[in-house]
Amino acid sequence: MATAPTSFDIQQVLFQLGIKPVNLGTSTGIERFSTGELFDSYSPVNGQLIAKVYATTAADYEQVMEAATEAFTFFRTVPAPKRGEMVRLFGDKLRKNKEALGKLVSYEMGKSLQEGYGEVQEMIDICDFAVGLSRQLHGLTMHSERPSHRMYEQYHPLGVVGIISAFNFPVAVWAWNTALAWICGDVCVWKPSEKTPLCGVACQNIIREVIQENDLPEGISCLINGDYKVGEMMSQDSRIPLLSATGSTRMGKSVAQTVAARLGKTLLELGGNNAIIVTPEADLKMTIIGAVFGAVGTAGQRCTSTRRLIVHESMYDKVKHALIDAYKQLRIGNPLDENNHVGPIIDKDSVAQYLQTLDAVVAEGGKLLIPGGVLSGEGYESGCYVQPAIAEVENAYAIVQKETFAPILYLIKYNGDLPNAIALQNGVVQGLSSAIMTNNLREAELFLSTLGSDCGIANVNIGTSGAEIGGAFGGEKETGGGRESGSDAWKVYMRRQTNTINYSSSLPLAQGIKFDLN
Ligand code: UN1
């Protein structure tokens, strides 16, 4: 189905967000520079060049790290609620720029406009959350075993926090990290994905206004750009006590090893292979909406996307036919046209991986119920539009064990009782998100119990994607173990200190040890 290449004025959006045809990709907050190579950002929507960005060199990186380190010496002394005020002002700016930034996200990354706006809303939500949190960075007080002693713990800022983010959430994942890190008193250096550098430049332009208008220190929010080599500079840099990285498991393993070798901390949010279990007591209509949005939303490129549907044999045919019917109604096309459900995937490499995965499914004996394929013709000139596919498979297939960042949904049958389905759901190396569709309390509680899902996120009668910012976000096993966003995820951005104060006039030792002089 053909639609207009863009249903909005991209030039106006770029102007509002301060994006030029050629952009300096390195910034220490206010100052912008870059001496590296120029690289392009193409839109998967229509294949057109949006703008160019200069990459960060090793010398540029040094300048950024000096500014960040310097800014930290001041920023750590600013009271946390005052740092919260800065985040509140940032949230206000995001509200003003929601439409433009949402459109840029949609145009540079390819997700639907609704999801582009949703992503900016997620940034606003985390700012609000962080503002409140800035008055709640609580530690505990505990009773000392010694008389007239007081013992408590407190949290101090860590230092320079590095953030490596992925193309699929080009702005929100930075905001999850940076809004929390700032209220915790840290300063941030951000490397956005080289596939969505303009979203990074736009965000930096927005925070730059907050820094300038409020005389905040340059260096609290820095931007660097480029490929994995720039990421390696961060991994190796002992001036970065915490590196938060979102992306593939392969990238995460490399970052984790390098950072661990210098005993730094990582916060990893890596691949998922998320399943929805559909029991005999599931509501069919809710199941179909949850599964289809989970599988084709963001064109299957969320780490929380639904990859596997594990359906009880008694429901299997019903679910299969309802899914096929639903997929036939999907409108694939320009994501800026709100009539469309599914936009393009990020680039042609990704299209090639999608096609290889479909071949591998067939080679292992799977059956394609909706065969998929690359769309061509008017409106599809970028070559990045693919048909969301459904395949009947076995969970044990090697290809099913892997995460393919594309709209491919695997349909898997289970027989007998719920523990069989849970075993399949847990029978992958990843552990991010999971869900069960059931109206049976016993099934729901078993799924959430210690014998149930082994994932960081486990939902009942909701799909696998679309988590709210208030909960801790992240997963187990090869997903990396990190937790970002809500709940007490802030603690990873701070160092904990235990303090014991003696207000007696003697010096008793812990564990009753006697040590007398004279
Ligand atoms: C991601 O795909 O990296 O839960 C993040 C969700 C979104 C965040 C996804 N709130 O689907």
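Order of appearance sets the numbers: ligands from 1, and atoms from 1 within every ligand.
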J.: Pick whichever of G247, G471, G466 has a heavy atom sitting closest to atom 6 (C) of ligand 1.
T.: G466
J.: Nearest protein heavy-atom contact for atom 4 (O) of ligand 1: which residue, which atom, what distance?
T.: A467 N, 2.7 Å
J.: Tell me, which protein residue and heavy-atom name are nearest atom 1 (C) of ligand 1, and how many Å apart are they?
T.: C303 SG, 2.7 Å
J.: Quick one: nearest non-hydrogen protein atom to atom 10 (N) of ligand 1, plus distance?
T.: E122 OE2, 2.9 Å
J.: Answer yes or no for W176: is there a heavy-atom contact with ligand 1 below 4.0 Å?
T.: yes
J.: Determine the minimum heavy-atom distance between K98 and Y117, stating which atoms define it.
T.: CE-O, 3.5 Å
J.: Taking only heavy atoms of S465, which atoms of ligand 1 are found under 4.0 Å from at least one of them?
T.: 11 (O)
J.: Tell me which pairs pass salt bridge (charged side-chain N to carboxylate O under 4.0 Å, His left out) where either residue lies in residues 168-197, with sequence neighbours left out.
T.: K191-E194, K195-D347
J.: Output yes when the distance from some N or O of ligand 1 to some N or O of F169 is under 3.5 Å, and no in every other case.
T.: no
J.: Under 4.0 Å between a Lys/Arg side-chain N and an Asp/Glu carboxylate O for E85 and R88?
T.: yes
J.: With heavy atoms only and a cut-off of under 4.0 Å, state how N168 meets ligand 1: side chain, backbone, both or neither.
T.: side chain
J.: Cation over ring, K111 on F169, under 6.0 Å and within 45°?
T.: yes
J.: Which protein non-hydrogen atom lies closest to atom 11 (O) of ligand 1, naming both residue and atom, and how far is it?
T.: T304 OG1, 2.7 Å
J.: Show me the pairs that pass ring pair (Phe, Tyr, Trp, His ring centres under 6.0 Å) and involve residues 283-307, at least two apart or across chains.
T.: none
J.: Looking just at side-chain N and O atoms, do Y107 and N46 make a donor-acceptor pair shorter than 3.5 Å?
T.: yes
J.: Would you call the rings of F167 and F405 parallel, tilted or perpendicular, taking 30° and 60° as the class edges?
T.: perpendicular
J.: Hey, does the side chain of R307 reach the backbone of A295 with a donor-acceptor pair shorter than 3.5 angstrom?
T.: no
J.: Check if E269 has a non-hydrogen atom at a distance under 4.0 Å from any atom of ligand 1.
T.: yes
J.: If I apply the N/O under 3.5 Å rule, does R302 come out as touching ligand 1?
T.: yes
